[in-house]
Amino acid sequence: MTIANISPDVHFPRLIRLLELEAEAEKQAVLQDMQHRSPVAAEASGTTLLNLVIRDEAAGLGGRILLTLAKRNQSLQLPWNRLGNGSPVILSEENQPDSETGGWRGVVSRSSRDSIQVAFSQWPETEAEHPTFRLDRSSDEISRQRQRQGLDKAYSAVDSRLGELRDVLLGRCAPVFHALPEIQAIDKSLNMSQMDAVRFALSAQDVAIIHGPPGTGKTTTLVELIRQIVQTGKRVLAVAPSNMAVDNLLEKLVDVGENAIRLGHPARMLPRLRQHSLDQLVENHPEMKVSHKLVREARALQGQAAKYTRSRPEPGARRAARQEAKLALADSRRIERMVVERLLNNASIVCATMTGLDRDLLGRQAFEWCIIDEASQSSEAAAWTPLQFVNRLVLAGDHFQLPPTIISSEAAAQGLGVSLLERLIVQAGGQISRRLDVQYRMHHDIMKFSSQEFYEDKLTAHESVAEHLLQELAGVIPGSLTDTAIHFIDTAGASYDESVEKDGESRFNNEEAHLVNLKIRALLDAGLAPVDLAVISPYSAQVRLLRDLIKEPEVEIDSVDGFQGREKEAVVVSLVRSNRDGEIGFLEDVRRMNVALTRARRKLIVIGDSATITNHPFYLRMVTYFESLGAYHSVWEEND
């Protein structure tokens with residue numbers, strides 16, 4: 001075992017300090033968007049929506065208020081933005097600089113092209129009679145507090161299982177593995193490497209890693225692992241960094257008949273999965289009828305106490321009514337806590353985001369296993385949060401795809417962007433990990449370059465996808481565009497120069513965007529359904545430009561980060577960078593490009609300037625690979 005022996009006295013204070021740097025950077029970024037950027041620039045950045053009005057209101061779970069916001073001009077759609085489901089936001093009244101409220105915190109529960117729904121715990125009390133609102137993405141302070149609590153608890157753990165796990169993860173004790181168990185696959189479709197990973201994880205006494213490259217069925221493997229554990233009578237805490245990743249895992253568990261409970265704000269869950277949320281299960285529990293009755297009685301008593309204004313009440317009557325209301329509410333909360341505890345006690349599988357684990361809610365809950373999916377996308381600080389509830393840990397992910405998102409450059413430089421999975425796998429390698437090696441997504445030509453660059457050329461394409469092409473899809477016309485899997489268009493020498501967005505740091509390439517649009521039109525004209533097509537760019541300014549340019553609403557256009565974990569039949573990648581200095585910015589992080597290049601199933605089109613990008617050896621090898629397959633084309637050929 002080669003995990004470095006790390007002192008807790010050094011490691012945890014360092015993580016806490018980096019977490020504080022990140023919190024401050026996030027706070028400053030939000031303040032800059034809200035105060036220092038012009039409103040137009042803030043909206044263009046994707047973190048703000050302006051000139052909104054309330055179009056609809058509804059009651060949500062747990063007494064939450066759901067407000068649907070849209071542009072005051074009903075003919076306008078919402079601009080491109082980063083306010084997706086689950087985003088923490090602040091709603092503030094426009095043109096009220098002296099407002100004392102500071103805005104109302106909420107969570108985005110649904111969004112569309114022309115409206116966005118936000119869940120609030122209180123109704124916004126406004127100054128103006130016909131107010132307009134501004135919606136800004138905000139920092140998630142609760143998440144930060146829970147990370148800090150998790151680090152403090154792990155640091156101070158003495159004579160406990162948490163302390164033992166801490167010492168293993170810091171390399172102070174060697175992890176223990178038992179003999180590989182003989183098990184029967186529940187899902188008969190799993191391949192040999194998937195079943196080997198399940199058996200290896202089950203043999204771990206402390207920690208194991210499942211390394212899942214793109215398309216290799218990592219989540220399917222985790223579902224098998226969880227089902228194997230549950231059938232032995234053990235409990236599983238299944239977590240991930242994002243709500244989308246948790247919902248993806250929960251959905252697969254539900255599809256195979258497993259009964260799991262989802263913790264967290266219902267607004268952050270996919271609507272079809274909310275019936276499995278703790279909030280919904282509590283709300284629908286028979287014993288909650290008594291709780292609801294007590295709440296109604298308390299409100300009636302509070303109203304009665306407030307009405308004693310015109311006539312003098314009996315001595316102590318008002319006080320007695322208020323006290324009775326207080327007792328009724330206390331009884332209601334006691335019943336709710338009892339229902340929550342009963343539901344959690346009976347749950348074999350509990351799913352949540354890592355920072356969605358509320359110690360007050362979970363109380364004395366304990367789990368034999370913690371499974372962290374997409375663990376490479378979480379900072380190590382967050383990964384310690386669930387460990388206080390568990391005995392064993394399985395980390396699943398791929399450190400060659402997108403790393404954790406870190407705002408503070410100082411914290412990133414000092415290692416906050418290194419996930420626990422990456423640290424362990426770099427230090428211990430195959431001793432504590434198993435890699436999945438059969439992928440079920442891509443044509444082998446799309447897969448091969450990524451396999452060579454990141455996975456020791458060990459990936460193989462399953463026979464069901466190895467040769468599949470667009471022309472085999474119903475309605476698609478055979479031709480030069482649909483009978484090959486990859487296509488690189490070189491814009492070198494064509495003066496497709498990049499530009500910097502005004503009032504921003506992002507970049508765009510107008511000529512390249514128009515070329516992307518031409519290829520999209522060609523694919524659609526060949527019979528490809530818009531829903532099967534996506535455009536990806538590393539630059540948000542290019543994403544915005546492409547969204548304005550491409551009029552087909554079902555064609556998905558997003559950043560690399562937004563497309564992590566996704567796939568489409570055909571993907572066009574716009575690299576943007578084209579300059580005389582050979583500067584490539586974001587493209588320096590080749591893990592980002594690994595994600596972009598592995599989203600396509602049957603057709604990958606990459607557009608970029610070879611004179612700029614091939615100054616980096618990775619992109620030189622990429623262009624050389626495309627040339628070796630006859631997939632290299634000059635922009636002049638496209639124009640012909």
Side-chain angles (χ1 to χ4, degrees), residues 214-215 439 441-455 457-473 476-494 496 511-512 515-528 532-537 567-578 584 587 590 593-640:
Q439 66 85 18
R441 175 185 300 160
M442 296 164 275
H443 187 286
H444 66 79
D445 286 348
I446 300 174
M447 172 206 73
K448 187 68 173 176
F449 178 70
S450 176
S451 178
Q452 291 172 344
E453 287 292 315
F454 299 100
Y455 309 110
D457 204 15
K458 296 290 179 64
L459 294 187
T460 59
H462 189 264
E463 60 182 12
S464 63
V465 303
E467 301 285 347
H468 67 181
L469 296 165
L470 286 182
Q471 65 179 10
E472 297 164 9
L473 293 174
V476 174
I477 302 168
S480 59
L481 190 60
T482 62
D483 65 2
T484 59
I486 56 177
H487 193 102
F488 176 76
I489 304 174
D490 188 0
T491 65
Y496 279 28
E511 289 80 8
E512 185 172 294
L515 180 55
V516 170
N517 190 33
L518 286 175
K519 301 314 294 184
I520 295 298
R521 291 306 333 159
L523 287 165
L524 295 174
D525 290 344
L528 184 64
D532 290 329
L533 180 55
V535 182
I536 301 175
S537 179
E567 62 182 56
K568 289 287 183 178
E569 298 293 350
V571 171
V572 180
V573 179
S574 173
L575 298 182
V576 177
R577 300 311 298 261
S578 180
I584 62 172
L587 303 186
V590 297
M593 193 48 49
N594 185 33
V595 173
L597 296 176
T598 55
R599 301 305 97 193
R601 289 173 48 78
R602 299 169 188 261
K603 183 71 177 187
L604 171 67
I605 300 175
V606 180
I607 302 176
D609 180 351
S610 67
T612 299
I613 64 174
T614 56
N615 287 288
H616 191 290
F618 172 88
Y619 294 98
L620 177 59
R621 293 192 296 271
M622 182 187 78
V623 172
T624 301
Y625 173 75
F626 289 149
E627 288 177 329
S628 73
L629 294 178
Y632 173 93
H633 303 271
S634 166
V635 68
W636 309 113
E637 298 174 50
E638 301 298 320
N639 291 335
D640 290 341

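Numbers here are sequence positions counted from 1. Please read these numbers as outputs of a predicted model, since none were measured by experiment.
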- Would you give the length of the straight line joining atom CG of Leu528 to atom CG of Leu470, rounded to the nearest 0.5 angstrom? 5.5 Å

- Sub-4.5 Å side-chain heavy-atom contact between Phe488 and Ser634: no

- Item | Nearest non-hydrogen partners of Gln439 and Ala461, listed with the distance | NE2-CB, 3.3 Å

- Message: Could you tell me if the side chain of Asp457 sits less than 4.5 Å from the side chain of Lys448, heavy atoms only?
- Response: yes

- Query: Where the side chain of Ser451 meets the backbone of Met447, is there a donor-acceptor pair that is under 3.5 Å apart?
  - Reply: no

- Query: What distance separates His487 NE2 from His633 NE2, expressed to the nearest 0.5 Å?
  - Reply: 4.0 Å

- How about His444 and Glu467: do any of their side-chain heavy atoms sit closer than 4.5 Å? yes

- Item | Nearest non-hydrogen partners of Leu604 and Ala596, listed with the distance | CD1-O, 4.4 Å

- Task: Examine distances only and state if a side-chain atom of Glu463 and a backbone atom of Ala466 form a donor-acceptor pair shorter than 3.5 Å.
- Result: no

- Looking only at heavy atoms, which two atoms of Thr612 and Ser578 are closest? And how far apart? OG1-CA, 3.4 Å

- Message: Ring-plane angle category for Phe618 and Phe454, please: parallel below 30°, perpendicular beyond 60°, tilted otherwise.
- Response: tilted

- Query: At their closest point, which heavy atom of Gly608 faces which heavy atom of Glu512, and how far apart are they?
  - Reply: CA-OE1, 4.0 Å

- Answer yes or no: is there a donor N or O on one side and an acceptor on the other, between the side chain of Asn594 and the main chain of Val590, under 3.5 Å? no

- Look only at the side chain of Ser537 and the backbone of Ser574, and say whether a donor-acceptor pair between them is shorter than 3.5 Å. yes

- Item | Smallest separation among heavy atoms of Tyr625 and Asp445, with atom names | OH-O, 2.6 Å

- Message: A side-chain contact here means heavy atoms from C-beta on lying under 4.5 Å apart; do Leu533 and Ile520 qualify?
- Response: yes

- If you measure from CD1 on Ile607 to CD1 on Ile489, what distance do you get to the nearest 0.5 Å? 4.5 Å

- Please report the C-alpha distance between Leu575 and Met593 in whole Å, then the side-chain angles of each, then the deciding distance to 0.1 Å, and finally whether the side-chain contact (heavy atoms from CB on, under 4.5 Å) criterion is met. CA-CA 9 Å; Leu575 298 182; Met593 193 48 49; 3.4 Å; yes

- side-chain contact (heavy atoms from CB on, under 4.5 Å) with Val606: which of Val572, Leu597, Ile536, Val623? Leu597

- Message: Could you go through Val573 and Val571, starting from their C-alpha distance and side-chain angles, then the distance that decides it, and tell me whether this counts as side-chain contact (heavy atoms from CB on, under 4.5 Å)?
- Response: CA-CA 6 Å; Val573 179; Val571 171; 3.9 Å; yes

- Query: Could you give the distance from CG (Leu523) to CG (Asp525), rounded to the nearest 0.5 Å?
  - Reply: 9.0 Å

- Can a salt bridge be assigned to the pair Arg602 and Asp532 using a cut-off of 4.0 Å between side-chain N and carboxylate O? no

- Query: So do Glu569 and Lys603 actually touch side chain to side chain, heavy atoms under 4.5 Å?
  - Reply: no

- Message: So does Arg441 get a backbone contact from the side chain of His468, meaning a donor-acceptor N/O pair under 3.5 Å?
- Response: yes

- Rounded to the nearest 0.5 angstrom, the CD-CG distance for Glu637 and Asp490 is 10.0 Å

- Query: When you look at Thr491 and Leu515, which way does the side-chain contact (heavy atoms from CB on, under 4.5 Å) test go after all the steps?
  - Reply: CA-CA 10 Å; Thr491 65; Leu515 180 55; 4.2 Å; yes

- Item | Glu453 side chain to Ser450 backbone, donor-acceptor under 3.5 Å | no

- Say you draw a straight line from CE of Met442 to CZ of Arg601; how long is it, rounded to the nearest 0.5 Å? 10.0 Å

- Query: Hey, do the aromatic rings of Tyr632 and Phe626 have their centres closer than 6.0 Å?
  - Reply: no

- side-chain contact (heavy atoms from CB on, under 4.5 Å) between Val535 and Val516, worked out: CA-CA 8 Å; Val535 182; Val516 170; 3.8 Å; yes

- Message: Could you check whether any side-chain heavy atom of Ile613 comes within less than 4.5 Å of a side-chain heavy atom of Met622, counting everything from C-beta outward?
- Response: yes

